[in-house]
Amino acid sequence: MTSPRQTVLSHILPESVTRRSFLRGALGAAVAASAAGLAACGGSNASTSTSDSVVLKVGTTNSKTSFDTQTTSSTWGASENICDTLVTLNTKTLEVEPLLVTQLPTVSDDGLTYSFELKDGIKFHDGSTMTSEDVEYSLTRLLAKKAEADSFVYIEGGQEVLDGTAATLSGFTVVDDTHFTIKLRQVYSSFLNMLCQFYASIYPKAACEAAGDAWGTGTNFIGSGPFYLESNDESSEVVLKAFGDYHQGKPAIDEVDVLYIDDANTRMMNYKNGDIDLCFFSTSLLQQYESDDDVKDQIVFYTPAATQFVNLNLNEPKLQDARVRQALSLAINRQELADTVLSGAAIPCTGFIPPSETGSDEGADILEYDPEKARELLAEAGADGLSLTAQVRSQDQSVMVAIQNYWSQIGVNVDVQTIDAGLWADSRKNGTLQVTLVTWSTLSFVGVEHMASYFYSTNASQRSSFYNSSAFDGYVDAARASLDDATAKENTIKADNQLVRTDFGTIPVVWPQNPYVLRKGYDGLDILVDFHFKGMTYSA
């Protein structure tokens with residue numbers, strides 16, 4: 001008999017659901033606890049774990065992008081471990097909790113003014129003390145860099161900073177070194193959730209300004225988080241050291257060595273050999289390692305708030321007819337793809353928003369599979385003999401090849417090209433990817449924010465999407481402005497349907513599970529998209 005898979009965030013998965021029933025498409029889990037008591041695998045322990053020092057070695061791909069999450073989201077979690085945000089999501093309850101502040105802010109009766117108090121004496125890694133001015137600087141810079149701009153323009157003066165017509169946020173008032181207020185221009189129900197996002201990390205103003213464009217490269221990245229950046233050669237290894245002055249106490253793990261190993265199979269061989277202690281691995285290797293006695297008991301499945309989708313560049317003339325986009329969606333057999341290519345470690349999409357997030361449509365059916373209708377739509381659109389180019393990163397190659405096969409069955413030819421992660425990131429930002437595959441996650445677990453972070457018009461223009469729908473933006477705005485959960489959900493579902501079923505502005509494929517392995521002795525790992533090391537302990 002097949003044993004149940006170890007799944008973090010398992011409270012969303014019914015207790016009766018086993019691995020076998022999950023493979024038939026049951027909804028998977030969604031929010032986080034660590035994998036405790038995992039059995040040992042072959043090879044020696046990679047950690048340098050003595051009575052004096054504990055070193056955790058982590059294998060990951062090199063995204064070849066800056067650690068500055070106000071300019072990119074494509075890192076392995078550097079910002080989350082080096083920097084803190086004002087508030088944070090509890091990984092088990094998904095409730096917003098204070099982090100850099102003494103308590104959750106008080107809010108004025110009209111729902112517009114938030115009053116915050118920083119903890120006393122919070123230290124940055126360079127020894128400086130965090131003040132309200134650092135918070136003001138970080139949130140202003142976030143808008144100036146256009147990171148998640150549509151979420152933070154709700155701050156008074158945010159639109160002006162975004163447009164470059166103002167250098168300061170008129171809605172941010174520094175009261176003193178530890179007290180400040182933020183005034184919104186209208187009610188925004190997701191505001192605190194968005195302050196949990198790594199985009200809203202608090203940077204030291206002086207150090208960030210001094211580094212200029214080099215911020216986030218090399219060791220030019222300083223925060224107040226549990227680990228500081230000791231070294232970074234940008235090609236093979238990053239070393240993090242526990243911060244002795246961390247405001248929540250020095251972490252139990254003394255050092256984290258992040259080793260860049262791009263090839264998924266090589267990462268797992270390194271794990272088996274004892275060279276690393278922790279890594280995500282590809283679902284293409286799942287059947288192999290679930291049958292490997294050295295590894296199978298250490299596999300854990302994390303279900304993030306994430307959607308894997310085909311991103312279509314709507315500036316491309318070939319993709320501007322909605323009938324063509326609908327045909328491409330209809331051609332994909334999502335259930336078959338999840339069960340075979342992804343070895344059951346995925347849920348076929350019924351929309352864009354996963355079931356783990358607020359605003360998901362629990363009654364929706366799996367997105368339609370009808371290749372005959374797809375062929376008819378292509379003929380109506382005069383798109384017979386359609387040829388496309390799909391550029392993807394190595395981790396997305398197997399799924400894109402499967403989609404290539406589905407599309408070939410409706411007469412669409414796709415040239416799948418696997419490109420370097422750094423080139424992919426640059427190409428997406430520059431708007432030159434015609435078709436690609438993206439797994440997009442949210443740290444807020446708020447469905448409308450998940451969609452808006454990619455497809456709201458001001459964001460889509462930066463991500464090789466160029467989706468621009470006043471109807472979609474309007475539903476997003478309405479959901480954000482509502483303090484009534486039912487109304488917010490209604491508008492969120494309308495936005496999802498506008499994006500996916502009316503405009504076919506993108507093609508959701510699956511909601512993935514991310515398998516990882518963790519060596520015996522380690523406990524307390526938290527995950528919200530990326531690994532969080534500060535609560536980890538080691539016991540030999």
Side-chain angles (χ1 to χ4, degrees), residues 73 89 94 96 111-112 139 142-143 146-156 158-159 161-163 171 182 184-200 305-307 309 311-312 314 322 325 349-362 364 367 438 440-508 511:
S73 60
L89 280 185
L94 295 186
V96 178
L112 297 179
L139 298 184
L142 181 158
L143 280 154
K146 298 180 172 54
E148 293 300 285
D150 66 289
S151 300
F152 291 92
V153 292
Y154 288 89
I155 301 173
E156 278 194 357
Q159 188 65 55
V161 173
L162 178 65
D163 294 340
I182 299 175
L184 307 184
R185 57 179 173 82
Q186 68 180 68
V187 171
Y188 179 28
S189 58
S190 302
F191 183 55
L192 287 183
N193 289 77
M194 296 311 293
L195 286 177
C196 298
Q197 296 263 21
F198 51 47
Y199 301 101
T307 303
F309 60 95
N311 184 71
L312 304 174
L314 303 190
R325 303 194 298 268
C349 286
T350 63
F352 190 87
I353 300 173
S356 58
E357 297 175 22
T358 61
S360 65
D361 187 353
E362 299 90 345
L367 292 171
V438 178
W440 193 250
S441 305
T442 178
L443 298 179
S444 69
F445 285 82
V446 177
V448 70
E449 301 300 341
H450 188 185
M451 287 187 298
S453 64
Y454 204 99
F455 295 105
Y456 199 88
S457 55
T458 52
N459 291 330
S461 61
Q462 303 172 56
R463 297 192 168 112
S464 278
S465 167
F466 300 100
Y467 177 65
N468 189 346
S469 166
S470 58
F472 174 83
D473 286 0
Y475 291 135
V476 168
D477 291 340
R480 286 169 161 173
S482 177
L483 296 178
D484 175 70
D485 290 344
T487 303
K489 181 171 183 176
E490 178 184 356
N491 281 294
T492 299
I493 291 173
K494 287 180 178 179
D496 198 332
N497 285 329
Q498 185 72 39
L499 172 66
V500 173
R501 288 185 164 87
T502 300
D503 296 334
F504 299 92
T506 195
I507 304 176
W511 297 310

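Closest of all the heavy-atom pairs between V446 and S190 is CG1-OG, 3.7 Å. Across A305 and S356, no two heavy atoms sit closer than the pair CA-OG, 3.9 Å. Closest approach of S464 and N311 over heavy atoms only: O-ND2, 2.7 Å.
Side chains of L367 and P508 form a contact here, defined as non-hydrogen atoms less than 4.5 Å apart. Counting only heavy atoms from C-beta outward, the side chains of T350 and W511 approach each other to under 4.5 Å. Using a 4.5 Å cut-off on side-chain heavy atoms (C-beta onward), S151 and Y188 make contact. Between T358 and T492, every side-chain heavy-atom pair lies at or beyond the 4.5 Å cut-off. Side-chain contact check for V187 versus L483: some heavy-atom pair is nearer than 4.5 Å. Between I155 and F191, some side-chain heavy-atom pair lies under the 4.5 Å cut-off. A heavy-atom distance below 4.5 Å is found between the side chains of M451 and I353. At a threshold of 4.5 Å between non-hydrogen side-chain atoms, the residues V96 and N193 count as touching.
Checked by atom type and distance alone, the side chain of S461 never pairs as donor or acceptor with a backbone atom of F466 at under 3.5 Å. Checked by atom type and distance alone, the side chain of R185 never pairs as donor or acceptor with a backbone atom of G158 at under 3.5 Å. Within the 3.5 Å criterion, the main-chain N or O of T458 finds a donor-acceptor partner in the side chain of Q462. In terms of modelled atom types and a separation under 3.5 Å, the side chain of Y475 and the main chain of N497 share no donor-acceptor contact. Side-chain atoms of H450 come within 3.5 Å of backbone atoms of W440 as a donor-acceptor pair (strictly under, hydrogens ignored).
A distance of 12.5 Å separates CG in N491 from CZ in R480, rounded to the nearest 0.5 Å.
Ring planes of F455 and F352: perpendicular class, angle over 60° (limits at 30 and 60°).
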Problem - Y456 and D477: CA distance, side-chain angles, deciding distance, side-chain hydrogen bond (donor to acceptor under 3.5 Å, both in side chains) verdict - result: CA-CA 10 Å; Y456 199 88; D477 291 340; 2.8 Å; yes
